[in-house]
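Before any comments, here is the structure.
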Protein chains: 2
Amino acid sequence: MDQGLRIFITVAKTRSFSRAAEELHLTQPAVSQQIRSLESRYDTRLFERNNKSVELTPAGKILFREGTEILNQYARTKRLIEDLTQSANGPLSLGASYTFGEYVLPPVLAKFCAHYPQIRPKVTIHNTQRIAEEVRRRMLDIGLVEGKIDHPELEILPVSEDELFVTLSANHPLASAGKVHVKDLADERWILRENGSGTRDVANQFFKDTGLSPKNILEFGSTQVIKESVETGLGLSILSPWSFRKELLLGTLHTLSVQGISMRRHFYALTRATSFHTKAMDLFLDFLTPELHNHPFPTTHAHLSLEPPQNEGL
Amino acid sequence: MDQGLRIFITVAKTRSFSRAAEELHLTQPAVSQQIRSLESRYDTRLFERNNKSVELTPAGKILFREGTEILNQYARTKRLIEDLTQSANGPLSLGASYTFGEYVLPPVLAKFCAHYPQIRPKVTIHNTQRIAEEVRRRMLDIGLVEGKIDHPELEILPVSEDELFVTLSANHPLASAGKVHVKDLADERWILRENGSGTRDVANQFFKDTGLSPKNILEFGSTQVIKESVETGLGLSILSPWSFRKELLLGTLHTLSVQGISMRRHFYALTRATSFHTKAMDLFLDFLTPELHNHPFPTTHAHLSLEPPQNEGL
DNA sequence: ATACACTATAAGATATTATTATTTATAAGG
DNA sequence: CCTTATAAATAATAATATCTTATAGTGTAT
């Protein structure tokens, strides 16, 4: 930041060009050169150097004293700014898509807040597109979304895997089938999130892959309503187990694997590619991935192997 | 010598990347780039820039304040070194508190400038506290204040005595009393500078010493307004004769001595304790004290003994 | 909707700063 | 004296940093 001055101060302290060079991990000519350039800038000799010794001239003494203060102030400034930013505190605005925000995020966030009480997270829930847009516009520090986003201004970091399943009422004829064939689902009624939601994207892909073209689709804007509708036997849905952990534990909802089809996707964290991260942001990002691996990720079928995902005490 | 910092400061002052570029004879991208590199060095945003405005962030404000000082010190260092070889010249930044700056300093400064035309003094007027702070922060070479300052980083040099007097209109019943007793002042209305000013401090001390607790105090922020108000008979004030020499000469204001009470104080010159003095600084300090003794110091009552303090040709 | 006033970004040119290799000067030891 | 050791200066070159030119976004105002 002012290398010349730093070199000068070191020479003055060590009374040697060579020692100074060592100390600064530079070569001796680099030191000679910087001193020469300072001397020409101030238009005076700064050191009296007769081959055995290096001594400050009067001008050098002034520069040494003032320069020391300047370097101190650089250091002080850096510290002041670090105190301001590096201390992990202040606001952290998170945006999450529905599934992530409503089901995955809360326990993680609770733990995060316990760890870093000075950080005050604020969560906004929207669909993936909107979240991405708001991260880009700096309205959000971090976006947490279900679908892949490709935008040059956004940095995308996969934080967790997710697998969606065909979900149905425990009273449904297929409920205990576990694994079924595509054709078994041909005549079912489906209850899905609206188009545009990440979950619906996966469902649409599922229908495309399986060749199913269901005539009977109900669209609800709320996962909560969908779950309750499925529980009453109104139809089947395609959901992330994250969103119906409780229902799996209670046994009111079951999942099906469909022969040869898996509906995997990732959760991603989005940040602006070009912006700086606050300390709080980095802490959260570092916290997120391991934390999601701690929470036993509910990939398997409820009736086969579900473990209480957290201390939810059944 | 630290181009990045210089660019940053210019941007902060102009609140514009483009203006800063012009001012520094650079192109706008050069400015953008330096700001970006500073931002990455400090790992935080320094400006909040939306297309219409450029504003300092909290971190930016810190860097602006500290950085300004750093640049000042670079400049000062250069001057100090130049002083070694050259004769006294260049800038001399003086800060003075109100009474000193507005009434005492001007004639001294005029004479000083006549003696040393190559020195270019710059005067800033503020209250004593602020002046001391700016000397400490190296924003000022010399501070000239009315109150005693005790700070380890400051060197304090008494330059002159001052005695304040109760001041009143020539038409006031007590105007020709010369010496009065405390109780004569019990029911007067007072017109004083605001709290925090050095002059007001003395007034407050006066009330404490005399046991007067005036119910009727008007506060004005300007000594000029106070004088005119006192002239019209609105009330009494407590002022330094320095600030109403003309009115004493004209006979529109008179002073009173209060039995057993004197309001003496000193004017002090402040410099940084640890720093070098430029030649200009030393010359000014050496010039100041004898000069103030030359100007007949108006301690006595106007109607008794005032001499024209300078060639003001009555 | 278009122009305009700004800042951001990218790529290449220039300037600055560091390195390597070599030279000069002085002191110390034989 | 001559040799060797140590320290700084110098020159040529390599690596960085810093500018400029050209261009792209992005809001605001007309």
Side-chain angles (χ1 to χ4, degrees), chain A residues 1-42 44-57 60 67 71 74 132-139 150-155 271-276, chain B residues 1-42 44-57 60 67 71 74:
Chain A
M1 96 204 36
D2 188 336
Q3 180 72 348
L5 191 54
R6 175 156 287 117
I7 289 176
F8 168 81
I9 298 292
T10 311
V11 172
K13 278 182 181 158
T14 58
R15 294 159 161 261
S16 156
F17 283 46
S18 307
R19 292 303 87 67
E22 276 174 37
E23 196 162 306
L24 297 167
H25 307 290
L26 292 172
T27 55
Q28 170 264 311
V31 174
S32 288
Q33 206 171 308
Q34 284 293 343
I35 299 301
R36 178 167 46 179
S37 113
L38 274 177
E39 287 180 329
S40 95
R41 159 123 55 86
Y42 288 113
T44 181
R45 220 118 248 263
L46 295 170
F47 294 109
E48 217 51 76
R49 43 253 213 224
N50 18 16
N51 273 45
K52 200 57 194 169
S53 69
V54 170
E55 295 292 333
L56 284 166
T57 61
L71 293 189
Y74 272 114
E133 178 63 13
E134 297 205 339
V135 169
R136 205 181 59 75
R137 291 180 157 277
R138 283 188 254 263
M139 312 289 287
D150 194 20
H151 192 290
E153 286 182 49
L154 293 178
E155 201 153 82
T271 53
R272 273 187 65 85
T274 59
S275 289
F276 295 97
Chain B
M1 95 203 37
D2 188 337
Q3 180 74 345
L5 191 54
R6 175 157 287 115
I7 290 177
F8 168 81
I9 298 291
T10 311
V11 171
K13 279 183 180 156
T14 58
R15 294 158 161 257
S16 155
F17 284 45
S18 307
R19 294 300 86 69
E22 277 174 37
E23 196 163 306
L24 297 166
H25 307 289
L26 292 172
T27 56
Q28 170 263 314
V31 173
S32 286
Q33 207 171 308
Q34 284 293 342
I35 298 302
R36 180 167 46 179
S37 112
L38 275 177
E39 287 181 328
S40 95
R41 160 123 58 84
Y42 288 113
T44 182
R45 255 175 182 248
L46 296 169
F47 294 108
E48 215 51 74
R49 42 245 212 229
N50 21 17
N51 270 35
K52 201 58 197 170
S53 70
V54 170
E55 296 291 334
L56 286 167
T57 62
L71 294 188
Y74 272 115

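First the proteins, then the strands, lettered A, B, ... as listed; each starts at 1.
Applying the 4.0 Å criterion to OP1 and OP2 of D:dT6, one finds that A:S18 has every side-chain N and O outside that range. Listed pair A:Q3 / D:dA17 fails the phosphate criterion, with no side-chain N or O lying under 4.0 Å from OP1 or OP2.
Summarising the geometry, the separation between CZ on A:R41 and P on C:dT16 is reported as 11 Å, rounded to the nearest angstrom. Nucleotide D:dA7 holds its P atom 15 Å from the CD atom of A:E55, rounded to whole Å. In this structure, B:R49 atom CZ and D:dG25 atom P are separated by 18 Å, rounded to whole Å. C:dC6 atom P lies 17 Å from atom CD1 of B:I35, rounded to whole Å. Remark: P of D:dT20 and CD of B:E22 are 13 Å apart, rounded to the nearest angstrom. In this structure, the CD atom of B:E48 is 14 Å from the P atom of C:dT7, given to the nearest Å. Rounded to an integer number of Å, the gap from B:L26 CG to D:dA17 P is 18 Å. The nearest whole Å value for the distance from the NE2 atom in B:H25 to the P atom in D:dT20 is 11 Å.
No donor-acceptor distance shorter than 3.5 angstrom exists from the side chain of A:E155 to the backbone of A:T271, with no hydrogens or angles considered.
Note that CZ of B:F8 is 8.5 Å distant from CD of B:E39, once rounded to the nearest 0.5 Å. Of the inter-residue distances, the one linking A:Y74 atom OH with A:D2 atom CG reads 5.5 Å to the nearest 0.5 angstrom.
Here A:R19 lies in heavy-atom contact (under 4.0 Å) with sugar-phosphate atoms only. Residue-level contact check: A:V31 touches neither bases nor backbone, having no heavy atom under 4.0 Å from any strand. Contacts of A:S37 with the nucleic acid, taken as non-hydrogen atoms under 4.0 Å apart, are absent.
Residue A:F17 places its side chain closer to D:dA8 than to any other of D:dA8, D:dT20, C:dC6.
Classification of B:E22 and B:R19 as a salt-bridged pair holds, one side-chain N sitting under 4.0 Å from a carboxylate O.
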Using atom names, set out every protein N or O paired with an N or O of nucleotides 10-15 of chain D below 3.5 Å, distance rounded to 0.1 Å.
unit_1: D:dT10; atom_1: OP2; unit_2: A:R36; atom_2: NH1; d: 3.2

Side-chain donor/acceptor pairs under 3.5 Å, residues 23-33 of chain B, sequence neighbours excluded:
unit_1: B:Q28; atom_1: NE2; unit_2: B:S32; atom_2: OG; d: 3.0

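Closest of all the heavy-atom pairs between B:R45 and B:T57 is O-OG1, 2.8 Å. Nearest heavy atoms, B:L46 versus B:L38: CD1-CB, 3.7 Å.
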